[in-house]
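This chain uses plain numbering: 1 for the first residue, then up along the sequence. Numbering of ligands and ligand atoms starts at 1, following listing order.
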Amino acid sequence: MPIQRLKGTQDILPETAEYWQDAEAIIRKTCREFGYEEIRTPIFELTELFVRGVGETTDIVNKEMYTFTDKGGNSLTLRPEGTASVCRAYVEDKLYGQVQQPVKLYYMGAMFRHEKPQAGRFRQFHQFGVEVLGADKPVVDAEVIHLAWEIYRRLGLTGLEVHLNSVGCPHCRALHKQKLQEFLAPRLGALCKDCQERFERNPLRILDCKQPSCREATADAPAITEYLCEDCRSHAERLQELLAAAGIPYSINPRLVRGLDYYRKTAFEIMVEEIGAQSAICGGGRYDGLVEEIGGPPTPAIGFAMGLERVLAALRVQEKLSPRADRPFAVVVTLGERATGLGFQTVSRLRQAGIPVSMDLLGRSLKSQLKAADRNQIRVALILGDEELDRGVMVVRDLILGEQSEVSQDEIVRLMEEQYGKYQKDVR
Ligand code: ATP
Ligand code: MG
């Protein structure tokens with residue numbers, strides 16, 4: 001049997017890769033315009049980073065990490081998310097000392113989680129995310145949500161919902177935790193196994209469980225929003241005012257708690273219903289405690305991550321994917337071995353001049369080379385056989401108009417530059 005790819009991984013084939021590139025280009029451009037700069041961190045890190053940075057009580061650390069021991073005996077993990085690595089770099093590379101503050105970063109790349117593969121859930125998937133480090137005001141939270149919103153607007157997605165909550169701070173969470181445990185204690189039997197384990201260490205997370213039995217048992221559970229301290233409450237209210245001012249619709253979802261330990265205050269998710277059960281295309285929040293947790297100075301921070309597979313799936317169901325307009329402009333059609341030599345030289349000269357051009361690589365007949373050119377919507381064919389070779393010319397055929405003429409081989413690059421320039425103006 002031929003070797004197959006691993007469960008939960010995908011080949012992104014050329015036609016689809018084109019759509020990925022277009023979406024990535026919009027994302028990068030929007031980030032630059034908002035003043036966010038790219039950071040690229042390693043794909044694997046010491047396991048310890050994620051245990052501390054993502055949190056021991058999370059599903060990610062408990063069940064989903066690809067962890068292995070390398071030849072040096074170190075425990076390493078393929079990154080399951082981006083935030084921990086960005087914070088490590090922020091500390092290690094002393095970005096907190098940079099002149100420009102706050103530090104506004106974005107990243108894009110593959111993440112790895114050992115999950116049960118299903119629609120919208122993979123073992124290797126791709127995230128685009130941003131992190132703003134060194135700023136604690138609600139306006140920062142608003143800018144981050146606005147950035148995600150603006151990217152979706154530019155991509156053409158519609159029907160999105162921002163779900164918003166505040167998970168408080170350790171101060172207000174302590175009281176809520178106590179109230180929540182009092183509420184849950186007599187209902188423990190109705191909860192799933194995972195939630196029974198969460199009861200002691202991370203009861204807040206039970207509110208986020210998707211099991212219907214847990215949902216039912218916690219329907220009237222005390223909401224964290226009722227226990228917010230003054231600072232957390234005014235932060236949440238100010239953020240809502242700012243979102244309203246920017247025209248971003250949101251709804252408050254007190255059950256939204258996110259799986260990660262280091263979240264403080266703002267938590268949010270952006271959903272798009274049409275892509276099925278895995279409808280969260282973006283999740284984020286404030287994590288003021290994380291940088292300190294991994295050995296850096298106390299640093300307020302906020303960020304989000306969006307799942308690019310789900311963004312692409314949403315673009316597909318909403319029919320927002322369109323094929324590229326830019327095709328190779330010309331093809332050099334060669335007949336016979338002798339012509340291949342000059343043909344190849346011509347192709348290389350045209351490419352150096354910046355003209356998109358291709359040539360036959362299979363030694364096909366004139367007819368099938370022209371047919372292929374037609375299929376690829378190529379505008380101009382430069383035809384070269386033995387006879388043209390001997391006379392120092394090429395046949396230039398406009399494949400759309402069907403017109404053709406002979407041109408001296410020395411004139412070809414100049415002529416193509418002229419025609420390609422004109423074609424680009426017409427296309428635009
Ligand atoms: P979920 O509740 O769907 O498991 P999560 O809380 O684990 O999400 P985050 O860690 O916040 O998700 O990641 C942010 C985004 O990354 C998600 O909103 C989703 O779009 C995407 N994502 C997370 N896990 C996967 C996966 N296994 N496959 C594809 N996309 C994913
Ligand atoms: Mg998950």
Side-chain angles (χ1 to χ4, degrees), residues 6-10 12 20 23 27 50 53-55 57-66 77-87 106-131 144-145 147-149 151-152 155 157 160-165 167 192 194-195 198 202 204-211 214-215 253 255-263 266-287 290 302-317:
L6 294 169
K7 228 163 88 176
T9 68
Q10 299 184 95
I12 299 171
W20 279 77
I27 290 171
F50 301 115
V54 178
T57 63
T58 58
D59 285 352
I60 293 180
V61 171
N62 276 327
K63 313 182 202 162
E64 297 172 359
M65 294 209 299
Y66 278 96
T77 294
L78 299 183
R79 63 179 185 195
E81 54 103 62
T83 305
S85 302
V86 171
C87 290
Y106 81 90
Y107 59 84
M108 203 161 355
M111 305 292 162
F112 307 86
R113 297 185 193 177
H114 197 276
E115 303 204 65
K116 198 168 147 238
Q118 51 194 287
R121 199 174 281 290
F122 305 93
R123 289 182 172 172
Q124 174 174 335
F125 61 101
H126 299 80
Q127 282 184 340
F128 150 67
V130 310
E131 316 290 352
V144 162
I145 295 172
L147 173 55
W149 193 255
I151 285 170
Y152 294 138
L155 287 170
L157 286 178
L160 305 178
E161 283 177 54
V162 179
H163 291 206
L164 192 63
N165 194 21
V167 294
C192 71
D194 283 349
C195 283
R198 288 172 186 141
N202 192 2
L204 191 60
R205 220 356 218 111
I206 297 176
L207 299 180
D208 190 39
C209 183
K210 306 289 183 297
Q211 298 284 338
C214 297
R215 297 240 117 184
N253 178 358
R255 302 187 75 95
L256 176 70
V257 296
R258 319 282 311 129
L260 311 181
D261 288 351
Y262 49 65
Y263 280 99
T266 308
F268 67 96
E269 247 172 4
I270 303 178
M271 323 285 275
V272 50
E273 290 308 327
E274 295 137 295
I275 58 171
Q278 313 306 331
S279 58
I281 51 173
C282 180
R286 188 161 267 291
Y287 52 91
L290 177 59
I302 180 165
F304 67 68
M306 59 175 82
L308 293 178
E309 281 77 6
R310 295 185 195 174
V311 170
L312 268 289
L315 288 169
R316 188 172 294 278
V317 287

Colleague: For Leu256 and Val167, which heavy atoms make the closest approach, and how far apart are they?
Modeller: O-CG1, 4.0 Å
Colleague: Mind checking what makes side chain to side chain contact (heavy atoms under 4.5 Å, CB included) contact with Lys7, not counting sequence neighbours?
Modeller: Pro117, Arg123
Colleague: Glu81 near ligand 1, heavy-atom distance under 4.0 Å?
Modeller: no
Colleague: Report the part of Asp59 (side chain from C-beta onward, or backbone N, CA, C, O) that has a heavy atom under 4.0 Å from ligand 1; answer both or neither where that applies.
Modeller: neither
Colleague: Please tabulate, for side-chain N and O atoms in residues 271-286, each donor-acceptor pair with protein atoms closer than 3.5 Å (sequence neighbours left out).
Modeller:
{"residue": "Glu274", "atom": "OE1", "partner": "Gln318", "partner atom": "NE2", "Å": "2.8"}
{"residue": "Gln278", "atom": "OE1", "partner": "Arg121", "partner atom": "NH2", "Å": "2.7"}
{"residue": "Gln278", "atom": "NE2", "partner": "Gln118", "partner atom": "OE1", "Å": "3.2"}
{"residue": "Arg286", "atom": "NE", "partner": "Asp141", "partner atom": "OD1", "Å": "3.2"}
{"residue": "Arg286", "atom": "NE", "partner": "Asp141", "partner atom": "OD2", "Å": "3.2"}
{"residue": "Arg286", "atom": "NH1", "partner": "Ala135", "partner atom": "O", "Å": "3.3"}
{"residue": "Arg286", "atom": "NH1", "partner": "Asp288", "partner atom": "OD1", "Å": "2.8"}
{"residue": "Arg286", "atom": "NH2", "partner": "Ala135", "partner atom": "O", "Å": "3.2"}
{"residue": "Arg286", "atom": "NH2", "partner": "Asp141", "partner atom": "OD1", "Å": "2.7"}

Colleague: Decide, yes or no, whether a salt bridge links Asp194 with Lys63 under the criterion of side-chain N to carboxylate O below 4.0 Å.
Modeller: yes
Colleague: Can you check whether Met306 has an N/O within less than 3.5 Å of an N/O in ligand 1?
Modeller: no
Colleague: Consider every N or O of Glu309 and every N or O of ligand 1, then say whether any pair is closer than 3.5 Å.
Modeller: no
Colleague: Looking at ligand 1, does any of its N/O atoms fall within less than 3.5 Å of an N/O of Ala280?
Modeller: yes
Colleague: Check each of Arg113, His126, Glu269, Met111 against atom 12 (O) of ligand 1 and report the one with the nearest heavy atom.
Modeller: Arg113
Colleague: Find all atoms of ligand 1 within a distance of less than 4.0 Å from any non-hydrogen atom belonging to Gly307, and give their numbers and elements.
Modeller: 15 (C), 16 (O), 20 (O), 21 (C)
Colleague: Could you check whether Phe128 and Phe304 have their ring centres less than 6.0 Å apart?
Modeller: yes
Colleague: Can you check whether His126's main-chain N or O pairs, donor with acceptor, with Glu309's side chain at less than 3.5 Å?
Modeller: yes
Colleague: Ligand 1 and Phe122, any nitrogen or oxygen pair closer than 3.5 angstrom?
Modeller: yes
Colleague: Is it true that Arg113 and Asp59 make a salt bridge, defined as a side-chain N closer than 4.0 Å to a carboxylate O?
Modeller: no
Colleague: Quick check on Glu115 - does any of its heavy atoms sit under 4.0 Å from an atom of ligand 1?
Modeller: yes
Colleague: What about Arg121: any of its N or O atoms under 3.5 Å from an N or O on ligand 1?
Modeller: yes
Colleague: For ligand 1, which atoms have a heavy atom of Gly120 less than 4.0 angstrom away?
Modeller: 28 (N), 29 (C), 30 (N)
Colleague: Going by the side-chain contact (heavy atoms from CB on, under 4.5 Å) test, name the single residue among Ile206, Thr57, Leu204 that passes it with Arg198.
Modeller: Ile206
